[in-house]
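Data first, discussion second: the structure below is written as structure tokens.
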Amino acid sequence: MEKEKFYITTAIAYTSRKPHIGNTYEVVLTDAIARYNRQIGKDVFFLTGTDEHGQKIEQAANECGITPKAYVDSVAGEIRTIWDLMNTSYDKFIRTTDDYHEKTVQKIFKKLYDKGDIYKGEYSGLYCVPCESFFTETQVTDGLCPDCGRPVNETKEEAYFFKMSKYQDALMKHIEENPDFIQPESRKKEMVNNFLKPGLQDLCVSRTSFKWGVPVTFDDNHVIYVWIDALSNYITALGYDTEENSDLYRKYWPADVHVIGKDILRFHTIYWPIMLMALGEPLPKQIFGHPWLLSGNDKMSKSKGNVMYADDLVKHFGVDAIRYYVLREMPFAQDGTITLETIISRYNADLANTLGNLVNRTVAMVNKYFGKDLVNPDAKEEIDLELSNLAKETVSGVSEKMKELKVADSLELIINLARRCNKYIDETMPWALAKDESKQDRLKTVLCNLVEGIRFIGVLISSFMPETAEKIFAQINAGDTSFESLKEFDTSKPVHVGEATPLFARLDEAKKLEEVSKDMFGEEEKKEEKKEDKKKDKKEPEPPSEISIDDFFKVEMKVGVVLESKPVEGADKLLVSKIKIGDEVRQIVSGIAKYYSPDELVGKKVTVVTNLKPVKLRGVLSEGMILAAQDGDKLSILSPEKDEISDGSQVS
């Protein structure tokens, strides 16, 4: 019998920077859903990849002095490395710079143009480079992007537009007739009430102000804008509109679920379905907008210094512990949170004390009392039935929760089964049974029940923590580990266990917190920095000695404009900025983080000493100095009074 197909995708990651743990959560979540559906017998195709075009990437590459392709090659490689590190089982990793993708995107654009759904016009309005989005005056407050809060720029350029309003009614009808199309329900209401009901504007789908994109085949001045380019990956990856690979498209499309972040919901639930309607293609069955993983109570941001990366966390806690944490802590519809303290707490409570302790003590008791091997004499008691019933109820509960994509709830059910097994140990007291010769049969039955309970847990947890599941199976020498085998709680088979090896050793919270904080955030360095600052504060400043005019002329000062600024990791007071000085761009580290945020600096003209010897501050290269005036606890950067003074101008 042919397997039921299941096509699942992540949003493709933007190659502007290394993904943090909040970004990584999405691919781990999608992997868990994909693994589960494979486990229950479906023919799964799991797609992920990278979004590699746009003005933001072109600018970043220029600042680094490399080509956009070299820039995205590096970041895409880093993203794929992290996806592999997290043990994600994707079937295909697409890059939007892949030749086949670009060719198909060009065909899609031309098809929509020939149909009359794309037309040429002129865009005049406000544009946010980081979000790659246009906004109207009414959507913007105080000149800031409504999505990310950064400054928007006045933009006027020739562009092609897509007739969104033409398909608005059809999309509304589809949403009404398919109540599960957008999940969770709160996201659906947000899209309908905030965007569809007020009426859709035609969508800008090409740009002329930059070149790093897929060219429009019939108009050399234009590149295809991100939404048609990036969103099309879900069908180009399957060979849409190609002779050689269209069988894959016919087999797997439409997608069963697009897993995306809630911040890009509008593009996936409005732009993408309308594009597919215009192409005459089926719509995806479901779009799940997952919440954000917050660092404490804040969104992760380099400017806030609260970013955590998957590879750093894995180094200290292991892959499966981090997979478990992000999957377990993220609610279905509300934002989750991550801190080092909560990671350690969850690790100790669930993985060490509950799951790890259960497996370790059970295998150790089988070894101790029966030398690794035993057969169940079936000396049952009522409490055994309670355990087996809960195990089977957990299977059906996980099945129901996973149909609804409620991964955190599924993990809670599995850990509850492990808790019940631990309680069963306390209730049956195998150590007491072992002392009574007449209770040996009962002891064997208790241990067989525990081994079967552990097998159930191993099978159920394998989609979420695959490496841990394999370790469990090895310790209990599990035979059948298929999902199908969980129909019966079968304790009749002989038990043969391996050595008792701890799955998760309990962590010393204070020691681990200090160790990880020092490595990831440089906490100890910060303390030393504060001590040095206090010492400096106590010293009386020495009066400057006189210099000659010749000495003064040795100092070269020029006007620069700040292109980019961000905190130096592990240093409270330092910002590192990219500053354009005429024809060159320099990187300068300054101790001004207390007085200026990175966003305040971007676009600001500053006075720079340009002939200082380059130095490294906290391991970061600094190629000059920004001049500033300080009065007590107040500091002001020195800027030219008149705006017409251009960057590169000499200061004398």
Side-chain angles (χ1 to χ4, degrees), residues 6-12 22-23 25-27 29-30 32-34 36-37 47 131 133 135-136 138-139 146-148 162-203 227-228 230-235 253-279 281-294 299 327 330-336 400-410:
F6 186 80
Y7 179 34
I8 187 169
T9 72
T10 67
I12 49 177
N23 308 132
Y25 160 71
E26 183 175 298
V27 76
L29 171 67
T30 309
I33 298 167
Y36 171 77
N37 279 277
L47 175 71
C131 293
S133 295
F135 298 98
T136 63
T138 56
Q139 292 173 309
D147 287 346
C148 73
F162 181 49
K163 294 178 181 177
M164 301 286 289
S165 55
K166 177 179 173 181
Y167 297 93
Q168 177 171 324
D169 291 344
L171 180 56
M172 280 287 284
K173 185 172 184 287
H174 181 83
I175 293 171
E176 288 166 4
E177 292 176 352
N178 296 272
D180 293 331
F181 178 59
I182 303 173
Q183 286 294 314
E185 182 70 20
S186 57
R187 309 272 184 260
K188 177 169 71 177
K189 289 177 180 176
E190 179 188 343
M191 292 301 106
V192 171
N193 295 333
N194 294 354
F195 297 101
L196 283 170
K197 284 185 177 177
L200 295 176
Q201 303 292 317
D202 288 351
L203 180 67
W227 304 119
I228 287 183
L231 290 166
S232 296
N233 90 90
Y234 303 124
I235 57 177
W253 190 259
D256 291 87
V257 59
H258 291 318
V259 178
I260 61 163
K262 65 178 183 178
D263 51 328
I264 52 173
L265 202 67
R266 178 168 86 252
F267 314 114
H268 284 79
T269 60
I270 297 176
Y271 300 172
W272 177 228
I274 285 178
M275 280 173 54
L276 290 166
M277 285 178 175
L279 291 170
E281 299 298 326
L283 271 56
K285 295 178 184 177
Q286 188 174 81
I287 299 160
F288 174 54
H290 65 75
W292 285 333
L293 186 63
L294 303 177
K299 189 177 177 184
L327 294 173
M330 184 66 83
F332 181 68
Q334 288 82 40
D335 292 336
E400 287 304 310
K401 294 298 182 186
M402 289 304 290
K403 284 177 188 174
E404 301 171 345
L405 307 183
K406 293 183 176 176
V407 172
D409 292 349
S410 298

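FYI, side chains are in, hydrogens and waters are out, and symmetry mates aren't considered; it's all heavy atoms of this structure.
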Check the surroundings of atom NZ in Lys285: do more than 12 heavy atoms from other residues, nucleotides or ligands lie under 6.0 Å from it? yes
Of all the heavy-atom pairs spanning Gly289 and Pro184, show the shortest one and how long it is. O-CD, 3.5 Å
Can you check whether Phe162 reaches Ile274 side chain to side chain, under 4.5 Å on heavy atoms? yes
Do Glu400 and Lys406 come close enough that some side-chain heavy atom pair is under 4.5 Å? no
Would you name the heavy atoms of Pro291 and Asp335 that are closest together and state the gap between them? CB-OD1, 3.3 Å
When rounded to the nearest 0.5 Å, the distance separating NZ of Lys188 from CG of Leu196 is 12.0 Å
For the residue pair Tyr36 and Val407, establish whether any side-chain heavy-atom pair is separated by less than 4.5 Å. no
From CA spacing to verdict: side-chain contact (heavy atoms from CB on, under 4.5 Å), Arg266, Glu190: CA-CA 9 Å; Arg266 178 168 86 252; Glu190 179 188 343; over 6 Å; no
Parallel under 30°, tilted from 30 to 60°, perpendicular over 60°: which one fits the rings of His258 and Trp253? tilted
Tell me whether Asp256 contacts the main-chain N or O of Ile8 through its side chain, where contact means a donor paired with an acceptor under 3.5 Å. no
Rounded distance [0.5 Å steps], CG in Leu171 versus CE in Met164: 8.0 Å
Distance col, row Asn23:CG vs Thr10:OG1, nearest 0.5 angstrom, shows 11.0 Å
Report yes or no: does Glu281 contribute a side-chain atom to a donor-acceptor pair with the main-chain N or O of Leu276 at less than 3.5 Å? no
Taking CD in Glu404 as the centre, count heavy atoms belonging to other residues, nucleotides or ligands within less than 6.0 Å. Is the count above 12? yes
Interatomic distance, Lys166 atom NZ to Leu200 atom CG [nearest 0.5 angstrom]: 14.5 Å
Between Leu283 and His174, is there a side-chain heavy-atom distance shorter than 4.5 Å? yes
On a heavy-atom basis, the closest approach of Ala408 and Met330 is CB-O, 3.4 Å
Using a 4.5 Å cut-off on heavy atoms from C-beta on, say whether the side chain of Tyr234 contacts that of Pro284. no
Ile228/Leu203 under side-chain contact (heavy atoms from CB on, under 4.5 Å): CA gap, chis, key distance, verdict: CA-CA 10 Å; Ile228 287 183; Leu203 180 67; over 6 Å; no
State, with a plain yes or no, whether a side-chain heavy atom of Phe267 is found less than 4.5 Å away from one of Ile260. no
Value for NE2 (His290) from CZ (Arg187), rounded to nearest 0.5 Å, stands at 9.5 Å
Looking only at heavy atoms, which two atoms of Glu185 and Gln183 are closest? And how far apart? N-OE1, 4.0 Å
Output for pair (His268 NE2, Ile270 CD1), nearest 0.5 Å, gives 12.5 Å
Pairwise side-chain contact, Thr30 with Thr9, heavy-atom cut-off 4.5 Å (strictly under): no
What one should report as the nearest heavy-atom pair of Tyr7 and Ala255 is CD2-CA, 3.5 Å
Can you give me the closest heavy-atom contact between Lys401 and Ser410, atom names plus distance? CB-OG, 3.2 Å
pair Leu405-Leu29: side-chain heavy atoms closer than 4.5 Å: no
